[in-house]
Amino acid sequence: MEFLLITSPEDYRIKDIYHSYSSTFPEEEIRDWDQFIKLFTNPHAKVISVLHESKPIGYLIIWELSHYIFVEHFEVFAEFRNQKLGSHITGYLFKNYSRIILEIEPADAGEDAKRRYSFYQKNGFSLVDEMYVQPSYGEGKKSLNLWLLANYSPENIKEIKDEIYNIVYH
């Protein structure tokens, strides 16, 4: 498996990533195109294309913050799901980052949310905050009640949430 940092919105993979991103995640959980391409000018943000057997199979959008990384989006493209590739991607994250935070829909939001939560639990993450609110991505979009998960025991959840709000959603 290869993990390629994409450094420009002109990279040919970006249109496929954005198409999948904008059709997989709910409207409230995505950036519009202009917001998305601004990620490439933010020193904290990284868009990583994931390849398996030389084919793009998914991507990560991560933020390198003070003492951890925040995984804003993680997707295995639909045609490659249920092949244990997501577990390989979390393995890459664990190998390269000792402290990882991510947000997900609460497990009681439906079968997909329950399946996702189970996936993250099996892959070393635990629930650290059930009261997390993802700020709105912009006009006409709602804030969302989500859960924060981590692969470690964070000491100050309030500081983590403040940093995420100030850097990722600012």
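Just the heavy atoms: all of them, side chains too, but no hydrogens, waters or symmetry mates, feed the values below. Predicted, not measured: the structure shown is a model, and the values here were computed from it.
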> Should we say atom CG of N156 is surrounded by more than 12 heavy atoms from elsewhere, each under 6.0 Å from it?
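Counting other residues, nucleotides and ligands, CG of N156 exceeds 12 neighbours.
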> Do F119 and I89 belong together in a cluster built from hydrophobic side chains that touch within less than 4.5 Å?
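Cluster IDs for F119 and I89 match.
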> Looking at residues at least two apart in the chain, or sitting in another chain, which of them share a salt bridge (charged side-chain N to carboxylate O under 4.0 Å, His left out) with D32?
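Result, salt bridge (charged side-chain N to carboxylate O under 4.0 Å, His left out) vs D32: none returned.
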> Please round to the nearest 0.5 Å and tell me the distance separating atom CD1 of I100 and atom OH of Y152.
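Those atoms lie 9.5 Å apart.
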> Holding to salt bridge (charged side-chain N to carboxylate O under 4.0 Å, His left out), I want the full list of residues that pass it with E29, two or more places apart in sequence or in another chain.
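Testing E29 for salt bridge (charged side-chain N to carboxylate O under 4.0 Å, His left out), a comparison that skips the adjacent residues, returns none.
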> Do the ring planes of F36 and F40 sit parallel (below 30°), tilted (30 to 60°) or perpendicular (above 60°)?
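Ring orientation of F36 relative to F40: perpendicular.
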> Among residues at least two apart in sequence or on other chains, which ones pass side chain to side chain contact (heavy atoms under 4.5 Å, CB included) with D112?
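With sequence neighbours excluded, D112 shows a side chain to side chain contact (heavy atoms under 4.5 Å, CB included) to R115, R116, given in chain and number order.
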> Using 0.5 Å steps for rounding, measure from the CD1 atom of I61 to the CG atom of L39.
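Rounded to the nearest 0.5 Å, the CD1-CG separation comes to 6.0 Å.
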> Side-chain contact, heavy-atom cut-off 4.5 Å: L149 with V128?
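Not in contact.
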> For E28 and Y137, test the side chains for any donor-to-acceptor distance below 3.5 angstrom and give the result as yes or no.
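No.
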> Less than 4.5 Å apart, any side-chain heavy atom of Y165 and any of H170?
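Of all side-chain heavy-atom pairs linking H170 with Y165, none is under 4.5 Å.
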> K141 side chain to I30 main-chain N or O, any donor-acceptor pair under 3.5 Å?
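Indeed, once roles are kept as given, a pair shorter than 3.5 Å links the two residues.
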> Atom NZ in K15, atom OG in S20: separation rounded to 0.5 Å?
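Nearest 0.5 Å value for the NZ-OG distance: 15.5 Å.
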> Hey, quick one: are Y12 and L5 part of the same hydrophobic cluster, counting side-chain heavy atoms closer than 4.5 Å, chains of contacts allowed?
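Cluster IDs for Y12 and L5 differ.
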> To the closest 0.5 Å, what do you measure between CD1 (I6) and CG (L60)?
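Separation between the atoms: 10.5 Å.
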> Between NZ of K122 and OG1 of T90, what distance do you get to the nearest 0.5 Å?
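So the NZ of K122 and the OG1 of T90 are separated by 11.5 Å.
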> Going hydrophobic residue to hydrophobic residue with side-chain gaps under 4.5 angstrom, can you get from V133 over to V168?
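Yes, it is one cluster - the side chains of V133 and V168 are joined through contacts under 4.5 Å.
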> Who passes salt bridge (charged side-chain N to carboxylate O under 4.0 Å, His left out) against D162, sequence neighbours left out?
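Checked D162 against salt bridge (charged side-chain N to carboxylate O under 4.0 Å, His left out); matches are K158.
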> For V76 and F74, which heavy atoms make the closest approach, and how far apart are they?
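Here V76 and F74 meet closest at CG2-CE1, 4.2 Å.
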> To the nearest 0.5 Å, what is the distance between NE2 on H88 and CE on M1?
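Answer rounded to 0.5 Å: 5.5 Å.
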> Listed by chain and number, what are the side chain to side chain contact (heavy atoms under 4.5 Å, CB included) partners of D108, not counting sequence neighbours?
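So D108 forms a side chain to side chain contact (heavy atoms under 4.5 Å, CB included) with P106.
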> Begin with the C-alpha distance, continue with both residues' side-chain angles, and end with the deciding distance and a verdict on side-chain contact (heavy atoms from CB on, under 4.5 Å) for H73 and Y59.
CA-CA 8 Å; H73 288 92; Y59 62 90; 4.2 Å; yes
> Name all residues meeting the side-chain hydrogen bond (donor to acceptor under 3.5 Å, both in side chains) criterion together with W63; count only those two or more places apart in sequence or in a different chain, and write none if there are none.
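Residues passing side-chain hydrogen bond (donor to acceptor under 3.5 Å, both in side chains) with W63: E72.
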> With hydrophobic residues grouped by side-chain heavy-atom distances under 4.5 Å, do L4 and F77 end up in a single group?
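They do not share one cluster, since no chain of ILVMFWY contacts under 4.5 Å joins L4 to F77.
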> Apply side-chain contact (heavy atoms from CB on, under 4.5 Å) to the pair I101 and I160, showing each step before the final yes or no.
CA-CA 9 Å; I101 302 275; I160 287 171; 4.1 Å; yes
> Please answer whether the main-chain N or O of H19 pairs with a side-chain N or O of S23 as donor and acceptor at a distance below 3.5 Å.
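Flag set: sc S23 to bb H19 pair under 3.5 Å.
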> Go through it in stages, so that I can follow the logic: the residues are E163 and F70, the test is side-chain contact (heavy atoms from CB on, under 4.5 Å), and I'd like the CA-CA distance, side-chain angles, deciding distance and then a yes or no.
CA-CA 10 Å; E163 185 175 28; F70 175 68; over 6 Å; no
> Walk me through whether Y120 and Y117 qualify under ring pair (Phe, Tyr, Trp, His ring centres under 6.0 Å).
CA-CA 5 Å; Y120 284 115; Y117 181 50; 8.7 Å; no
> Salt bridge (charged side-chain N to carboxylate O under 4.0 Å, His left out) with R81: which residues, sequence neighbours excluded?
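E75.
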> With sequence neighbours excluded, what pairs up with T41 under the side-chain hydrogen bond (donor to acceptor under 3.5 Å, both in side chains) test?
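Applying side-chain hydrogen bond (donor to acceptor under 3.5 Å, both in side chains) to T41 gives none.
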> List the steps, then state whether side-chain contact (heavy atoms from CB on, under 4.5 Å) holds for L65 with I164.
CA-CA 8 Å; L65 300 176; I164 292 168; 4.1 Å; yes
> Is it true that, when you exclude E79 itself, more than 12 heavy atoms of the residues, nucleotides or ligands shown sit nearer than 6.0 Å to its CD?
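Enclosed: over 12 neighbouring heavy atoms sit under 6.0 Å from CD of E79.
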> Which side-chain N or O atoms in residues 42-53 pair as donor and acceptor under 3.5 Å with protein atoms at least two apart or in another chain?
unit_1	atom_1	unit_2	atom_2	d
N42	OD1	H44	N	2.8
H44	ND1	E64	O	3.0
K46	NZ	E64	OE2	3.3

> With sequence neighbours excluded, tell me which residues meet side chain to side chain contact (heavy atoms under 4.5 Å, CB included) with S8.
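Counting only residues at least two positions away or on another chain, S8 forms a side chain to side chain contact (heavy atoms under 4.5 Å, CB included) with E10.
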> Are side-chain heavy atoms of E105 and W147 found at a separation under 4.5 Å?
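The answer is no; the side chains never approach within 4.5 Å.
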> Considering only heavy atoms from C-beta outward, does the side chain of W33 approach that of Y18 to under 4.5 Å?
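Result yes, sub-4.5 Å side-chain heavy-atom pair found.
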> Taking only residues two or more places apart in sequence or in another chain, which ones pass ring-ring contact (aromatic ring centres under 6.0 Å, His included) with F80?
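Per chain and number, F80 pairs via ring-ring contact (aromatic ring centres under 6.0 Å, His included) with no residue.
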> The criterion is side chain to side chain contact (heavy atoms under 4.5 Å, CB included); which residues satisfy it with D129, sequence neighbours excluded?
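Checked D129 against side chain to side chain contact (heavy atoms under 4.5 Å, CB included); matches are M131, Y132, L148, I157, K161.
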